[in-house]
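Chain identifiers are assigned alphabetically (A, B, ...) following the order of the sequence lines, protein sequences preceding nucleic acid strands; residue numbering begins at 1 within each chain. Please read these numbers as outputs of a predicted model, since none were measured by experiment.
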Amino acid sequence: MPEANADIIMPDGAEKLFGAVSLDIIRLDGAEKHFGAVKALAGVDFSVRAGECVGLVGHNGAGKSTLMHMVAGTLAPDTGQIAVRGGVEASYSVPRAQQLGIRCVFQELSLCPNLSVAENTRINHASLNGFGWRRKAADLIAAKLDEIFPGHSISASDIVGDLSITSRQMVEVARAFTVTQEPLELVILDEPTSSLDAHTAGQLLAFVRRFVAAGKSCILISHVLGEVLGNADRIVVMRDGKVVAAGQADQFDRDRLVTAMGGAAAREKAAAEIASGKPEPGPLRVRARPARQQDGNELVARAGEIIGLAGLAGHGQTDLLLAIFAAASRARTGIEVTAPVALVAGDRQSDGIFPQWSIAENIGIRSLARLRNGLLISPQREAELAELWQRKIGIRTPDMNNNIFSLSGGNQQKALFARALGSDAKIVLMDDPMRGVDIGTKLEVYDLVREEARHGRTFLWYTTETEELDNCDHIYVFKNGRIVANLRRDELTEEKIIQSSFGEAA
Amino acid sequence: MLRSLLPALSLALVLIAIAWLNPRAISYFGFSLMLNLAIPIALATIAQMFVIAGNELDLSIGTFVGFVGCVTATWLKDAPLLGVVILLGSIGVYALLGALIHLRNLPSIVVTLGMSFVWQGMAILILPKPGGKAPDWLLALMAFKPPFIPFPIVAALLIAAVVHFGLMRTSYGVILRGSGGNSAALKRAGWSLLRTKIALFALTGLFGVLSGMALIGITTSADANIGNGYTLLSIAGVILGGGEFVGGRVSPIGAVIGALTLALAASPLLTFMHIPPDWQVAANGAILIIVLAARVLISRRER
């Protein structure tokens, strides 16, 4: 690595000075992009060299995705140029990017759910055809899954739609690393671990390090700052469509990244607040025993408590949340619910959002009874509710009557929180809702959750990010659909959770 | 598991009912007679299946089959070259419809509903009154009597096998189905969605032509309205066979089984049950509702 970037370099052209051009896999100079009146990218210089892992961080809406779409060839910059290995590309496109060995794993899953794992592999490889292509495709993806995620339980003939979201993400990542005819030089990983649990995420990041050590390159986008700090060689921070900081990874730490991204460092405040102790817990809100629980363990939640559901992804946490949700309207054995319930879905695209509706309508749907005026919904009350929560939770939009998709991913999730918190629900179930949400949004929502809990709301919070459990009063660790550990916050350590998650096959 | 067996199960159920009502129907001759019209229905169902694989719907397949029937009973017999050109041209029209629907982002229901009147009108222009005659080679083909297994069953197996191989096993078949599953992913991987849509519609046209020809080979003469019932029958056949309206989930084998079930339930079963012809259409609809409802219930339980 050249010495010139030993310190954080501001992007006013200085970045162009270092790094021999021939070493650059890809280089963007002065890239700009407008979507209507919105300036998504305002003159960005960005480059990736061979054998390096570049971490890219920034709030949702900072322009990371737009930049990556340009690198992958799915978007063309309005102005600025793209050069690959020193040669300027006049008409850069997806096929050209693939020819040059540049691949991308996009944040939204891009597998065909109706096809098998092997067939999905075929889609990315035009050369997998002719006799025996099925065998070749199956072997190719199985070998790569074995390499990246040893011990996985995915078969090449599985239909993708039947797989869990975790498995789907594993397939998607593995597929990006398969090689047939075209070379493989650079892989863009956009939130690759958002649906993975700690174990598989670790496997993936270890593989990325091996991949980079072999002279290939990688762009790692993640909202889990620890992943970026621990695995990137160089870090680029974006804000408002510009690169605001860039430098060697060891020049950054968590606080510095958060400051550069513009997210107020509220973590200390959070810690202090939690440490200050809680009032006595209120009356019982939820008592639930997972369907597969054999011993006497059960989940108990009282008014004003934040309960964490931890463990590896897909070990029965979501199932229990859904069972509690169902039990609120129809009695079920083994589950006792004493107050109205609202659910914040994890997979917001398929379970949370009404795509044709405005932001205000998306927020109001859980509170229709209150918004009613005679037989009709009162637009005025709906607007009032929406505005209240726009202020309270900070949804960034000029008009709450815009379509929900006009919002960035993090703001969409905020709208879903507003839907639950704006309702009469005393119990809020959260199904890993912070997946792929930027740190600034997360900190704001954490504050809000704690505040709402102080006012007597109960939260049941399934999360795959151990850091989030810091916000909880009580943590239940799940394994194979059962509660295997029951920790108070002061007993909580990452080791303990991992220990319980991987512990004896009880 | 149960769900994938459902098409075969419903066919078995209809067969058992027929065997119970009239054991003599379960014979070489009985099947040849009962499944007489199953071949054109199966071909029309396969045609519909291709557009459904791409998340579209073809409301014109019935009148298209009628149009093809009229061409087959007139020009294909009297001026074979012209007949072939017209039929190939009509497949080309289907391909163009696919391109139009993709490029202008039009709802296929609207476009094909409009086209259904065009096909109907042209069929009436060709044959204002029922009549015409099927070409002799076609009559000979449809009257073929293989040993042991009745011709309609042989034909159904052949259709199912060929289409299953083409759509489910070839590498381009994956791309065609993928376009219904997640078109954005396909586009990102560098595939042309225009081409997949054209291919799917052209295949629909091709199988529509085959269906119309097979139909005339059986009925020997044509009528401009002869295929009108096929639109809904073909959609029901695809769904009965385990297909879904969106998401690229289709099954050629299931679609053929669905078509056979419908062909059997449509008239032989009801006749054996002594249901008067006046009520047969309504009874047919009731059977469809029951079978499709069972399918929904079973898939929901499995989820």
Side-chain angles (χ1 to χ4, degrees), chain A residues 68-69 72-75 93-100 102-138 157 159-162 168 171-172 175-176 178 180-182 188 190 322 349-350, chain B residues 1-4 49-56 107 164-197 199-200 238-239 241-252 254-255 299-303:
Chain A
M68 289 307 105
H69 275 291
T74 40
L75 273 182
S93 62
V94 178
R96 181 75 185 133
Q98 283 174 340
Q99 239 172 36
L100 294 163
I102 294 169
R103 312 259 185 91
C104 187
V105 179
F106 286 99
Q107 199 174 340
E108 333 80 273
L109 295 168
S110 56
L111 298 170
C112 294
N114 59 329
L115 303 182
S116 73
V117 172
E119 288 171 338
N120 268 290
T121 311
R122 142 73 182 149
I123 283 176
N124 280 28
H125 294 284
S127 63
L128 281 176
N129 58 13
F131 274 107
W133 72 268
R134 295 169 69 85
R135 177 87 267 138
K136 276 186 270 175
S157 59
I159 300 295
V160 166
D162 297 338
R168 267 185 265 171
V171 171
E172 176 130 25
R175 183 178 70 164
T178 53
T180 49
Q181 278 180 342
E182 281 148 354
I188 303 164
D190 190 353
L322 293 179
Q349 299 306 344
S350 67
Chain B
M1 198 52 217
L2 190 57
R3 196 178 153 204
S4 52
M49 185 200 70
F50 280 113
V51 276
I52 289 183
N55 294 348
E56 307 286 359
H164 179 80
F165 178 80
L167 189 62
M168 309 304 278
R169 308 291 291 195
T170 64
S171 55
Y172 195 65
V174 168
I175 305 305
L176 291 179
R177 283 182 290 134
S179 73
N182 186 346
S183 54
L186 222 63
K187 195 171 173 194
R188 252 180 223 158
W191 296 98
S192 159
L193 294 179
L194 176 65
R195 211 181 290 172
T196 59
K197 193 119 297 180
L200 287 171
V238 174
I239 304 305
E244 277 169 33
F245 283 118
V246 287
R249 286 171 213 267
V250 293
S251 154
S299 354
R300 193 177 294 165
R301 189 166 308 166
E302 289 204 355
R303 199 162 288 163

* Does the side chain of Lys187(B) come within less than 4.5 Å of Thr74(A)'s, by heavy atoms? -> no
When the 4.5 angstrom heavy-atom criterion is applied to Gln98(A) and chain B, the contacting part is side chain
Smallest heavy-atom separation, Val174(B) atom then Trp133(A) atom, equals CG2-CH2, 3.2 Å
Distance col, row Arg188(B):CZ vs Asn124(A):CG, nearest 0.5 angstrom, shows 10.5 Å
Closest non-hydrogen atoms of Ser110(A) and Ala185(B), given as atom of the first, atom of the second and distance, are O-CB, 3.2 Å
Assert top hit (heavy-atom pairs under 4.5 Å, partner chain A, pool Ala184(B), Gly190(B), Gly180(B), Gly178(B)) equals Gly178(B)
Under 4.5 Å to a heavy atom of chain A? For Ser179(B) that would be neither
Inset, instruction - Examine distances only and state if a side-chain atom of Arg177(B) and a backbone atom of Leu115(A) form a donor-acceptor pair shorter than 3.5 Å. - result: no
- Keeping the roles fixed (side chain from Asn114(A), backbone from Gly247(B)), state whether a donor-acceptor pair exists under 3.5 Å. yes
- Query: Is the side chain of Asn182(B) donor-acceptor paired with the backbone N or O of Leu111(A) at a distance under 3.5 Å, no angle test?
  - Reply: yes
Honestly, the part of Leu128(A) sitting under 4.5 Å from a heavy atom of chain B is backbone
Closest heavy-atom pair, Gly181(B) versus Pro113(A), reported as atoms and distance to 0.1 Å, is O-CD, 3.7 Å
Residue from Cys104(A), Cys112(A), Ala72(A), Ser116(A) scoring the most non-hydrogen pairs under 4.5 Å with chain B is Cys112(A)
Interatomic distance, CZ@Arg169(B) vs CD@Glu119(A), rounded to 0.5 Å, equals 9.0 Å
